[in-house]
Number of protein chains: 2
Amino acid sequence: MTVERTRRNRKLDRPRERVLEEAWRLLAEKGLADLTLAELGRRVDTSASHLLYYFGSKDDLLLEVVRWSESQLREARAAALATGSVQTRLRRFCELYLPSEPGDPRWLLWIELWPRALRSTSLGEHYGDFDAEWRADLAALLEEAGARDATARARRICALLDGLSVALVLGEDGLTVKDAWKHVRALLPD
Amino acid sequence: MTVERTRRNRKLDRPRERVLEEAWRLLAEKGLADLTLAELGRRVDTSASHLLYYFGSKDDLLLEVVRWSESQLREARAAALATGSVQTRLRRFCELYLPSEPGDPRWLLWIELWPRALRSTSLGEHYGDFDAEWRADLAALLEEAGARDATARARRICALLDGLSVALVLGEDGLTVKDAWKHVRALLPD
DNA sequence: AAGTCATTTTGAACGTCGTACAAAACTGAC
DNA sequence: GTCAGTTTTGTACGACGTTCAAAATGACTT
């Protein structure tokens, strides 16, 4: 009933995705500094006020961007883990998890969200699930590889990946994606 | 010559430390949200403008707080690593590194600094040294424990500690300091 | 065709933050 | 007591997220 009525008069055909995509692109092109509601609104040809009307707050908008990108990654992960030896699939998993370069939008987002979660208390409740997904997939992989304590080990490896990722996006000296992969491999079975 | 002349007329006897300590306390009591120049100024009985005059910018002020707290920790670390078996000293190292509780000021600071570093480019140059200190101390410990590749392993363990610490300060479900220590121990030589 | 009504969209205003700047207060030296 | 340089303050600015009331829009009724 209201489903049809509430979605009238929209300026954009698929406003949600349009905005989220553009936020992602903006993040990739200009970084965190330029990810403002005004700039984002300009890019999708609306006002900042409208973005607020639509998403409620910037916190919620950012959370939606994460949700959207994580659902993309969920698919990519499923595809990457569908074929190949356990070893290769583990490598693919890490490649998906780690930032592809300093300034990787995914990690920019997380780093922006963490202090926000510490201020708001409403943010922190939802995003914990995303980590859990990654960990579950990794645990399954590890189990398949014949590792004991797959769950705990998955937690451990993901924490390591987090630490390495932060160092990588921040561009800490003397650490490359290649190094990171070597560190992770040291924690993998056999 | 100018050393005496430039340090006249100070309202506070040791204004620097006074401010840094109060920032730390404010952080511990109220968290990131209330760590504003106005509030901090109120606490040390000055104006926000004066804090800027003194520290240059909020970024720089935060960096000074980190510098100050890291120098405290440097001493604490030296004391903690002076006596005891290698095993105990490794444990003490981790206890110092990891957040003591959700809302640990040290980690609040880092989480606040990371997005700032991503925006400013001038911040990121200096704070990389702090990690390096921790890693050097840990590497020495590992070497003493007879581990091969002490440097690489130290990097790995510190990255793990980073990941675990972030999860801990953010209060992620199902992770305690005790768990964290267990994860780290899995990476230690024995 | 005109009118209604809920929804969408906008523009202006607000509060807060970090910051810039000029004026004022202070202090030691002459 | 005046002067010069430092310290301290108050005020103002711009940017940001946010709020709010008003306007625009388009589907439905008559």
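The model shown is predicted, which means the values in this text are computed figures rather than measured ones. Residue numbers begin at 1 in each chain, while the letters A, B, ... track the order of the sequences.
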According to side-chain hydrogen bond (donor to acceptor under 3.5 Å, both in side chains), does anything in residues 163-176 of chain B pair up with another residue at least two apart or in another chain? List the pairs.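 Listed once each, the pairs are B:Thr176-B:Asp179.
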Distance, rounded to the nearest Å, where [X] contributes [atom1] and [N] contributes [atom2]:
| X | N | atom1 | atom2 | result |
| --- | --- | --- | --- | --- |
| B:Asp45 | D:dT8 | CG | P | 11 Å |
| A:Leu61 | D:dC16 | CG | P | 15 Å |
| A:Phe55 | D:dG17 | CZ | C1' | 15 Å |
| B:Tyr54 | C:dA20 | OH | P | 19 Å |
| B:His50 | C:dA20 | NE2 | P | 16 Å |

Among residues at least two apart in sequence or on other chains, which ones pass salt bridge (charged side-chain N to carboxylate O under 4.0 Å, His left out) with [X]?
| X | value |
| --- | --- |
| B:Asp104 | none |
| B:Arg156 | none |
| A:Arg91 | A:Glu95 |
| A:Asp131 | none |

Give a yes or no on whether a salt bridge exists between A:Glu39 and A:Lys30, defined as a side-chain N under 4.0 angstrom from a carboxylate O.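 Salt bridge absent between A:Glu39 and A:Lys30.
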Any residue in residues 106-116 of chain B with a heavy atom nearer than 4.0 angstrom to DNA chain D? Just list them by number, or reply none.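 None, since no heavy atom is under 4.0 Å.
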Contact list (N/O, under 3.5 angstrom) for nucleotides 18-20 of chain D vs protein:
unit_1: D:dT18; atom_1: OP2; unit_2: A:Lys58; atom_2: N; d: 2.7

Restricting to side-chain contact (heavy atoms from CB on, under 4.5 Å), what partner residues turn up for B:Glu22, sequence neighbours left out?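 B:Glu22 satisfies side-chain contact (heavy atoms from CB on, under 4.5 Å) with B:Arg18, B:Arg25, B:Leu40, B:Arg43, B:Val44 once adjacent residues are dropped.
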Could you pull out all residues at least two apart from A:Thr151 that satisfy side-chain hydrogen bond (donor to acceptor under 3.5 Å, both in side chains)?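 Residues passing side-chain hydrogen bond (donor to acceptor under 3.5 Å, both in side chains) with A:Thr151: none at all.
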